[in-house]
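I have placed the structure first, in the form of structure tokens, so that the comments after it can refer back to it.
Small disclaimer: the values here were computed from a predicted structure and weren't measured. Lettering of chains follows the sequences in order, A, B, ..., and the numbering in each one begins at 1. Both backbone and side-chain heavy atoms feed into the values below; hydrogens, waters and symmetry mates do not.
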2 protein chains.
Amino acid sequence: MFSKATEYALRATIYIAKKSSAEKKIGIEEIAKAIDSPQSFTAKILQALTKENKIVSSVRGPNGGFFLIEKQKKLPVRSILQAMGEDEILEKCVLGLKRCSEVQPCPMHEQYKSIKQQLIKLFVSKTIQQLADDMKDGEIFISNKKQP
Amino acid sequence: MFSKATEYALRATIYIAKKSSAEKKIGIEEIAKAIDSPQSFTAKILQALTKENKIVSSVRGPNGGFFLIEKQKKLPVRSILQAMGEDEILEKCVLGLKRCSEVQPCPMHEQYKSIKQQLIKLFVSKTIQQLADDMKDGEIFISNKKQP
DNA sequence: GTATTTAAGGACAAAATTATCCTTAAATAT
DNA sequence: ATATTTAAGGATAATTTTGTCCTTAAATAC
């Protein structure tokens, strides 16, 4: 569905939301290990998400790292897709037709329509915070390692 | 959602299903023009779909070209994804986690589950034939050109 | 048979994506 | 001030995806 970059962006942001706060920031090394992603590449991605502090916040130096302010935690998950420039996936025609629409529908359009709407709704209604909160019980994970 | 290659594969196969038969085969030039795809690249893709005549049939020489036999028209759309090696997209975790499952769900798993099921159902239940048939009325299209 | 038409197949090129590494800048601690 | 820690940023490399072009093979037409 999404590119690796966007998958890493989603996982990293959720992990940061869960594990950190303005008081307890979190470093790139821990993040990359936790979400099982290539560290340097993930750093680049977080750099993008941190641009203008849109999705993620960061500070440099000792005890520095990444974190989310309250406002950022309340962002819909879709805003991560937008920041990654991969938002159009949710709107796109399954067959890749530029003109596919209600006026000029492709053969999949009618049936795919409701699935698309649900996808959009999911990514708009769920906030970063909510996903992080869901993990609190320890029954929901964001790692590729086998849970004990 | 899908790679360009798979988008072209879907569009080309549907177009062939609609426009051709064992009696009236259809050439790569017409196909590529009709579905608005790069001709040589599309040829390569059809080559793959024609391998072992799995999804598409073809013959060379004058009046040769591509076509579908009845058996092929009845294949589910998903078989095109499978032939393109992109079938896993339907099953994959949205966050790209290898271990995401009912036992070890990611934070999106529960909500994405039903969307995934609908996606799979759509691609399994719809046959190539059905998509081609839907276009018969001239109210459903597979082109990027503006309809008059 | 020879020429023509059309897909098959191989080699290669361009572009995008994924990934690494090194230097720079900012913040803190001493 | 100096050293240390950590993200920011730039350069570059590897891989995958997308795309083109040319030759070969098969089928038909003559």
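Rounded to an integer number of Å, the gap from CD1 of B:I28 to P of D:dC21 is 15 Å. If you measure from atom CD1 of B:I31 to atom P of C:dT6, you get 12 Å, rounded to the nearest angstrom. Separating the CD1 atom of A:I45 from the P atom of D:dA8 is a distance of 13 Å, rounded to the nearest angstrom. Atoms CG (B:N63) and P (C:dA7) sit 11 Å apart, rounded to a whole Å. Put simply, CZ on B:R60 is 7 Å from P on C:dG9, counting in whole angstrom units. Atom NZ in B:K25 sits about 17 Å away from atom C1' in C:dA8, given to the nearest Å. Taking atom CD of residue B:Q39 and atom P of nucleotide C:dT6, one finds them 12 Å apart after rounding to whole Å. With rounding to whole Å, A:Q47 atom CD is found 17 Å from C:dT23 atom P.
If you check C:dA7, C:dT4, D:dT5 against the side chain of A:P62, the one that comes closest is D:dT5.
Under 4.0 Å is where a charged nitrogen must lie from a carboxylate oxygen, and between A:E70 and A:K73 at least one such pair does. The pair A:K4-A:E7 fails the salt-bridge criterion, with no side-chain N (NZ, NE, NH1 or NH2) lying under 4.0 Å from an Asp/Glu carboxylate O.
The nearest heavy atom of DNA chain D to A:G64 and to B:G61 marks one nucleotide each, and the one closer to the 5' end goes with A:G64. DNA chain C is contacted by both A:S40 and B:G65; B:G65 maps to the nucleotide lying nearer its 5′ end (nearest heavy atom per residue). The nearest heavy atom of DNA chain C to B:E29 and to B:K44 marks one nucleotide each, and the one closer to the 5' end goes with B:E29.
Residue contacts shown for B:A5 are limited to sugar-phosphate atoms, with no base heavy atom under 4.0 Å away.
One finds a side-chain N or O of A:Y8 lying less than 4.0 angstrom from the OP1 or OP2 phosphate oxygen of C:dA19. Under 4.0 angstrom from either OP1 or OP2 of C:dT6 there lies no side-chain N or O belonging to B:S58. Side-chain nitrogen and oxygen atoms of B:T50 include none within less than 4.0 Å of the OP1 or OP2 phosphate oxygen of C:dA7.
Two rings, from A:F2 and A:F123, have their centers less than 6.0 Å apart.
No N or O donor and acceptor, one from the side chain of B:K51 and one from the base of C:dG9, sit under 3.5 Å apart.
Considering only heavy atoms from C-beta on, A:I128 stays 4.5 Å or farther from A:Q72 through its side chain. Counting heavy atoms from C-beta on, the side chains of A:Q118 and B:L119 never come closer than 4.5 Å.
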